[in-house]
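Taking it in order: structure first as structure tokens, then the write-up.
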Amino acid sequence: MERGPAMGAFVGLGGELTSLIGRRTETARIARLLSGARLVTLSGVGGVGKTRLALRVAADAARSAFPDGVYVVELAALRDPEQLAPSVLGTLDVANPGRPGADATAALVARLCERRALLVLDNCEHLIDACARLVDALLRAAPGLRVLATSRQPLGIAGEHVFPVEPLPVPAADQGHGVRALSDNPAVALFTDRAAAVLPGFTVTESDAAAVAELVRRLDGLPFAIELAAARIRSLTPHEILERLTDRFALLTGGSRVAADRQRTLRALIDWSHELCTERERLLWARASVFRGGFDLESLERVCADAELPPAALLDTLDALVVKSIVNCRHESGRARYHMLETVREYGHERLAASGSLDAIRRRHRDRYAELTARAGQEWFGPRQVDWFTRLRLDHPNLRAALEFCLERPGQARSGLALAVSPRHYWITAGLLSEGRRWLSRLLAADHAQHHGDDAAGPGAALRVQAQVTDTYLGMLQGDPESDVRRALATCEAAARRGGHRRESAWVGHHHGILAIWNEDFADAAELFVRARAEFRAQGCLDAALECRVKFAIAHAYGGDVAAADEACGEVEAAARAHDESWLHGMALLARALLARRADAPVDAIKNARAAIARLRPFHDWWDVAMCVEVIAWSTQDAPRRAARLLGVLHMLWESVGGRLGSAPFMRAQHVRFEAAVREALPTAAFDREFRRGARATVDEAMAYVLDDAAGVPGLTRRESQVAELVAEGLTNKDIAARLTIAQRTAENHVERILGKLGFTSRTQLAVWAYERRAEPAGS
């Protein structure tokens with residue numbers, strides 16, 4: 001039989017004109033897939049780099065794996081499905097490309113049936129049905145054939161292995177943005193390479209490193225968008241490109257003159273995806289663009305469904321957008337959650353604005369998150385506390401969007417205040433003091449302008465006083481001058497008394513109690529908490545009453561009546577257990593750590609402080625976690641290097657809170673003495689080195705160090721050792737994820753790896769092993 005091209009032939013496209021950056025892992029994984037799978041489809045949003053990746057894999061394969069050749073067929077310009085088979089045949093046999101469809105398919109089968117070849121079909125999405133039929137026929141007839149397809153949606157036939165192509169990794173928002181920190185980032189490397197091609201000698205400097213990092217982040221790590229942005233370096237600096245990214249579709253033009261029309265501008269690229277959608281899919285794409293940072297199915301139904309887009313049709317429509325790579329689906333904290341790349345979202349937002357329904361959909365979106373935050377406030381004290389906090393953290397960008405709507409639309413400020421104060425402790429536990437204050441101050445100003453002269457006793461006035469009290473408390477925690485705080489509290493108290501808002505008066509008393517602790521007036525603090533607690537109990541506010549009780553315990557634990565503190569801790573712990581509550585339980589454990597420290601029992605102090613961190617960490621409550629770390633540090637003075645690193649961790653935590661305190665005020669004097677003692681015990685260079693290691697750690701790294709002073713279990717990472725301990729405590733994967741603030745799937749992966757490393761086949765074996773290991777003598 002005629003064999004065609006020589007061994008290793010690569011037919012269809014020429015060599016690469018630009019380097020492929022940041023795809024080494026994906027290339028290897030796709031090659032491994034192709035070694036076993038007959039059909040591999042690279043799927044992903046337009047511009048993510050599917051074609052480049054396929055061509056690299058194909059070029060590598062042509063040199064080794066396919067002796068009868070690698071054939072690449074570019075389908076972007078093809079419109080007629082009947083011309084698909086003739087086009088493929090034309091790539092294999094340029095002498096006979098003009099056969100009609102049925103004859104061409106038969107000819108392809110005849111040519112490929114005995115060959116070990118790779119067929120690459122690039123850009124299948126607009127011919128998806130025809131591609132599926134042809135590939136199915138070829139694979140059935142030619143057992144030595146492999147097919148590598150690129151498409152914005154899978155072909156959907158038996159035996160297909162879908163490989164989702166993700167955007168390039170971008171620098172994390174919380175990582176350093178110096179040149180060294182960005183040197184290994186693929187998205188930055190791509191920008192630098194393409195910018196240097198149009199502006200020889202271009203490199204990322206310290207002065208523009210942060211701008212480049214933010215630029216590739218805003219572009220979602222999408223290679224096509226990054227390349228278009230880099231081309232602008234001829235006439236703009238990275239800072240100027242970033243400033244003009246507010247209209248990315250106008251800015252990102254100027255692709256290759258020889259490229260297809262849809263590959264010359266960012267808008268044309270997304271237009272192509274839009275054209276492939278049905279009317280209902282386009283409508284959902286536009287409406288879903290009001291969400292920021294992702295959404296769940298329940299929220300999508302509440303915001304986007306109506307007579308035009310019936311609830312019964314919404315799931316199938318959403319699934320179609322997922323299939324077409326418009327929407328991405330991930331499992332986060334045990335729930336399916338959906339995301340759009342910012343470029344895709346902004347395109348949908350433009351379409352929504354053009355339709356005239358933007359305000360109506362944004363109002364529905366605001367109402368949805370007002371409902372969620374109100375429910376979170378009502379259920380905050382109870383078994384769903386961590387779940388609610390996790391959900392609000394995931395939806396924080398949506399909360400921001402809802403608050404923006406309330407500020408932008410006349411008469412909506414009071415609705416914004418309700419969003420901003422429920423649940424009461426969200427801004428504190430989330431470590432978002434500065435942001436909470438910004439929203440509250442802007443909303444209070446807008447509300448004053450809109451409702452000046454309203455009845456002081458009305459429900460709206462009560463909400464306003466609640467917001468004022470919350471804003472004042474956030475200022476306290478940020479370190480506002482005490483004189484300013486006392487004046488603000490006096491204003492709040494006057495407003496609360498004038499309107500008869502007894503609950504807010506009680507909170508003012510609680511805040512005065514906090515100030516008294518900070519001034520080390522522990523007896524006065526305890527009395528203030530007693531009075532506030534009595535008022536909360538009269539109002540039926542059990543959680544607030546218990547919060548006053550735990551603060552009473554902290555006041556006495558640090559400098560008052562030890563027995564009173566111990567009794568209060570027991571009361572709070574019992575109530576927390578009865579209601580399956582976490583945050584107040586953590587605060588009670590902090591009080592016990594202070595009691596142990598006061599009794600000169602460092603082992604118990606560390607144990608209780610670590611237990612408190614385990615309770616507080618899922619809330620990102622770095623203010624209270626920092627106090628726990630302070631206690632742990634004080635209890636390790638006989639290990640000065642460790643103490644120095646813990647001081648660095650403390651510095652990092654207080655910086656993350658966004659305050660000006662550097663330490664809890666009532667701990668400050670002891671903190672200063674402790675730091676001086678540690679500096680005295682170490683050479684300056686050694687102290688500085690350990691301090692920097694703590695201060696530059698990520699939160700996960702810092703917490704791993706704080707929670708475990710041993711190296712961990714031999715063969716297991718520190719995180720895996722933590723997971724094994726939690727399995728021994730009987731926690732489910734969901735509980736482990738909440739405790740460690742990680743995704744549930746990540747927890748599941750940790751457990752699976754631990755079982756494999758230790759040779760166990762069940763969680764029970766692991767739990768028994770971890771439990772028995774606890775009882776082993778140190779060093780055994």
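Counting from 1, the numbers follow the sequence of the chain as shown.
Not counting sequence neighbours, the partners of R287 by the side chain to side chain donor-acceptor pair (under 3.5 Å) test are D306, E308. Looking at residues two or more places apart in sequence or on another chain, you find a ring-ring contact (aromatic ring centres under 6.0 Å, His included) between Y338 and F295. Under the side chain to side chain donor-acceptor pair (under 3.5 Å) criterion, D60 pairs with R63, not counting sequence neighbours. Among residues two or more places apart in sequence or in another chain, the ring-ring contact (aromatic ring centres under 6.0 Å, His included) test is passed with H274 by W285, Y347. For R218, the salt bridge (charged side-chain N to carboxylate O under 4.0 Å, His left out) test picks out no residue, with sequence neighbours left out. By the salt bridge (charged side-chain N to carboxylate O under 4.0 Å, His left out) test, E279 pairs with R282, sequence neighbours left out. Among residues two or more places apart in sequence or in another chain, the ring-ring contact (aromatic ring centres under 6.0 Å, His included) test is passed with H396 by Y426, W427. Partners of R23 under the salt bridge (charged side-chain N to carboxylate O under 4.0 Å, His left out) rule, at least two apart in sequence or in another chain, are E26. In this structure T192 satisfies the side chain to side chain donor-acceptor pair (under 3.5 Å) test with no other residue, sequence neighbours excluded. Annotation: ring-ring contact (aromatic ring centres under 6.0 Å, His included) contacts of H750 (sequence neighbours excluded): none. Residues satisfying the salt bridge (charged side-chain N to carboxylate O under 4.0 Å, His left out) criterion with D136, sequence neighbours excluded, are R140.
Taking the side chain as every heavy atom from C-beta outward, L269 and T343 never approach each other to under 4.5 Å. At least one side-chain heavy atom of I736 sits less than 4.5 Å from a side-chain heavy atom of V727. Side-chain contact between S355 and L352 is present, with at least one heavy-atom pair separated by less than 4.5 Å. The shortest distance between side-chain heavy atoms of I128 and S151 falls below 4.5 Å. For the pair L300/F291, a side-chain contact is recorded, criterion being any heavy-atom separation below 4.5 Å from C-beta on. L245 places a side-chain heavy atom less than 4.5 Å from the side chain of R248. With a 4.5 Å cut-off on side-chain heavy atoms, R232 and L228 do not count as touching. Proximity of V88 to L121: side-chain heavy atoms (C-beta onward) are separated by under 4.5 Å at one or more points.
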Stepwise side-chain contact (heavy atoms from CB on, under 4.5 Å) check, E281 with L276: CA-CA 9 Å; E281 290 162 8; L276 296 174; over 6 Å; no
Trace of the side-chain contact (heavy atoms from CB on, under 4.5 Å) decision for N398 with L372: CA-CA 11 Å; N398 284 309; L372 278 182; over 6 Å; no
Derivation of the salt bridge (charged side-chain N to carboxylate O under 4.0 Å, His left out) call for R391 and E298: CA-CA 13 Å; R391 186 167 187 176; E298 183 185 353; 3.5 Å; yes
Stepwise side-chain contact (heavy atoms from CB on, under 4.5 Å) test for L219 and L252: CA-CA 10 Å; L219 294 174; L252 301 181; 3.6 Å; yes
Verdict with supporting geometry, V723 and V751, side-chain contact (heavy atoms from CB on, under 4.5 Å): CA-CA 7 Å; V723 171; V751 173; 3.8 Å; yes
Steps toward side-chain hydrogen bond (donor to acceptor under 3.5 Å, both in side chains) verdict (T41, S43): CA-CA 6 Å; T41 300; S43 71; over 6 Å; no
From CA spacing to verdict: salt bridge (charged side-chain N to carboxylate O under 4.0 Å, His left out), D319, R280: CA-CA 12 Å; D319 187 62; R280 189 167 276 172; over 6 Å; no
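Between the CD atom of E160 and the CG atom of L155 there is a distance of 4.5 Å, given to the nearest 0.5 Å. Taken to the nearest 0.5 Å, the OG atom of S273 stands 4.0 Å off from the CD1 atom of I326. Distance check, rounded to the nearest 0.5 Å: CD of E301 to CG of L297 gives 4.0 Å. The structure places OG1 of T150 at 4.5 Å from CG of N123, a figure rounded to the nearest 0.5 Å. With rounding to the nearest 0.5 Å, the separation of CD in E114 from CZ in R116 is 13.5 Å. One finds the CG atom of L92 at 6.0 Å from the CZ atom of R115 (value rounded to the nearest 0.5 Å).
Contact between G159 and H161 at its shortest, heavy atoms only, is O-CD2, 3.3 Å. The two residues R194 and S19 have their closest heavy-atom pair at NH2-O, 2.8 Å. When every heavy atom of A149 is checked against every heavy atom of C124, the shortest pair comes out as CB-SG, 4.1 Å. The nearest pair of heavy atoms linking V170 to V216 is CG1-O, 3.5 Å. When all heavy atoms of L284 and C304 are compared, the closest pair comes out as CD1-CB, 3.9 Å. The shortest non-hydrogen separation linking I241 to L251 is O-CD2, 3.7 Å.
Within the structure, no pair that satisfies the salt bridge (charged side-chain N to carboxylate O under 4.0 Å, His left out) test touches residues 29-44, not counting sequence neighbours.
Using a cutoff of 4.0 Å between basic side-chain nitrogens and carboxylate oxygens, D296 and R302 are not scored as salt-bridged. E125 has no carboxylate O lying under 4.0 Å from a charged side-chain N of K50, or vice versa, which leaves the two without a salt bridge. At a threshold of 4.0 Å, the pair R146-D68 does not count as salt-bridged, since none of the basic side-chain nitrogens sits closer than that to a carboxylate oxygen.
Checking side-chain atoms of R56 against main-chain N and O of T27 turns up no donor-acceptor pair under 3.5 Å. Looking at E74, its side chain does come within 3.5 Å of a backbone N or O of A76 through a donor-acceptor pair. Proximity of a side-chain donor or acceptor of S357 to a complementary backbone N or O of A360 within less than 3.5 Å is not detected. Looking at D220, its side chain never comes within 3.5 Å of a backbone N or O of L222 through a donor-acceptor pair. Distance alone, capped at 3.5 Å, is enough to place a donor-acceptor pair between the H126 side chain and the L78 backbone. Between the R152 side chain and the K324 main chain, no donor and acceptor come within less than 3.5 Å of each other.
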